[in-house]
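The next block holds one structure in the form of structure tokens; read it before the comments.
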Amino acid sequence: MAGEESKKLKLYSDWLSSCACRVRIGLNLKGLEYEYVPVNLLKGEQQTPEFLKLNPVGFVPVLVDGDVVLADSFAILMYLEEKFPQHSLLPKDLHGRGINYQKFMKEKLGPDADFAWARDQIRRGFAALEKLLKDYSGKYATGDEVFLADLFLAPQIDGAIRIFKVDMDEFPLLARIFKAYLELPAFRDAMPGRQPDTPAEHRD
């Protein structure tokens with residue numbers, strides 16, 4: 001629960017980073033207080049000597065928990081899962097865990113990706129997801145409880161809508177799931193449009 005331990009948490013994040021977004025959702029679901037440290041990727045702040053001491057690769061998110069410094073969203077979420085077991089991000093059954101571990105989408109399309117090409121790749125991925133999730137979904141991606149897969153999926157859908165203007169009417173299952181995410185404060189408050197460093201013109 002939020003307490004002395006969790007107050008040590010510090011998250012280096014950029015408002016638009018889908019990788020950081022999934023960590024924000026995880027922290028919110030587990031009820032953990034954390035300090036938000038904005039890192040402006042467009043200004044290259046991830047390449048400053050100070051930040052590179054935390055993560056030599058120069059990416060967000062980075063989680064600092066006392067003497068522990070972790071980069072990579074999956075590693076951070078697994079660390080939080082082990083240390084803070086409240087609101088588990090993984091189902092108890094092995095099959096359910098396997099489905100949640102499965103990577104649903106490419107992590108990054110890259111800043112130089114052609115807009116039309118990138119949107120096409122997203123639509124292809126979403127079409128595959130519609131087929132994959134029809135056998136597993138309930139209210140959320142893998143059932144009626146929020147699990148790890150949802151933390152990865154929500155930022156991808158948000159980015160598809162926000163940046164690539166994907167028409168979600170093509171993907172009714174994903175659209176329904178995303179609507180369910182936004183009913184949860186843990187998801188809603190973690191979305192790019194609601195972060196301390198979100199530019200005014202992009203605020204929800």
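For this chain, numbers begin at 1 and follow the sequence in order. Not measured: the values here are computed from a predicted model.
Shortest non-hydrogen contact noted between Ala175 and Met168 is CB-O, 3.8 Å. Contact detail for Ile177 and Ala141: the closest heavy-atom pair is CD1-CA, 3.9 Å. Here the shortest heavy-atom pairing between Ile122 and Ala160 reads CG2-CB, 3.8 Å.
Counting heavy atoms from C-beta on, the side chains of Leu27 and Arg22 never come closer than 4.5 Å. Taking 4.5 Å as the limit, every side-chain heavy atom of Phe171 sits out of range of all side-chain heavy atoms of Ile157. Contact of the Ser13 side chain with the Val37 side chain is not registered, since no non-hydrogen atoms from C-beta on lie closer than 4.5 Å. A 4.5 Å side-chain heavy-atom check between Val60 and Phe51 finds at least one atom pair inside the cut-off. Side-chain contact between Leu174 and Leu153 is present, with heavy atoms from C-beta onward closer than 4.5 Å. Side-chain contact between Leu63 and Val69: absent, with no pair of heavy atoms (C-beta onward) separated by less than 4.5 Å. Within the 4.5 Å cutoff, the side chain of Cys21 has heavy atoms near those of the Pro192 side chain.
Proximity of a side-chain donor or acceptor of Asn100 to a complementary backbone N or O of Leu90 within less than 3.5 Å is not detected. Side-chain atoms of Asn55 never come within 3.5 Å of backbone atoms of Val62 as a donor-acceptor pair (strictly under, hydrogens ignored). Gln86 places no side-chain N or O within donor-acceptor distance of the main-chain N or O of Gly31, the cut-off being under 3.5 Å. Between the side chain of Thr48 and the backbone N or O of Glu45 there is at least one donor-acceptor pair closer than 3.5 Å. Under a 3.5 Å cut-off, the side chain of Gln46 and the backbone N or O of Val39 do not form any donor-acceptor pair. No donor-acceptor pair closer than 3.5 Å links the side chain of Ser137 to the backbone N or O of Tyr140. Distance alone, capped at 3.5 Å, is enough to place a donor-acceptor pair between the Gln195 side chain and the Met191 backbone. Under the 3.5 Å distance criterion, the side-chain polar atoms of Asp197 are matched with a main-chain donor or acceptor of Trp15.
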Steps toward salt bridge (charged side-chain N to carboxylate O under 4.0 Å, His left out) verdict (Asp65, Lys83): CA-CA 11 Å; Asp65 180 17; Lys83 184 168 182 179; 2.6 Å; yes
Trace of the salt bridge (charged side-chain N to carboxylate O under 4.0 Å, His left out) decision for Asp93 with Arg97: CA-CA 6 Å; Asp93 67 288; Arg97 283 176 179 250; over 6 Å; no
ring-ring contact (aromatic ring centres under 6.0 Å, His included) assessment of His87 paired with Phe147: CA-CA 9 Å; His87 195 114; Phe147 288 121; 7.9 Å; no
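Within 6.0 Å of CD in Glu170 there are more than 12 heavy atoms belonging to other residues, nucleotides or ligands. Counted within 6.0 Å of CD on Glu183, heavy atoms from surrounding residues, nucleotides or ligands total more than 12; the atom is thus considered enclosed.
In this pair, Tyr36 and Tyr34 present their aromatic rings tilted. The plane angle is within the 30 to 60° band. The aromatic rings of Tyr181 and Phe187 sit parallel, their planes meeting at an angle under 30°, below the 60° perpendicular limit.
Using a 4.0 Å cut-off between charged nitrogen and carboxylate oxygen, Lys30 and Glu81 count as a salt-bridge pair. Between Asp144 and Lys139 no salt bridge is recorded (no basic side-chain N to carboxylate O distance below 4.0 Å). A salt bridge between Asp67 and Lys8 is absent, with no side-chain N of the basic residue lying under 4.0 Å from a carboxylate O of the acidic one.
A donor-acceptor pair shorter than 3.5 Å cannot be found between the side chains of Arg203 and Thr198.
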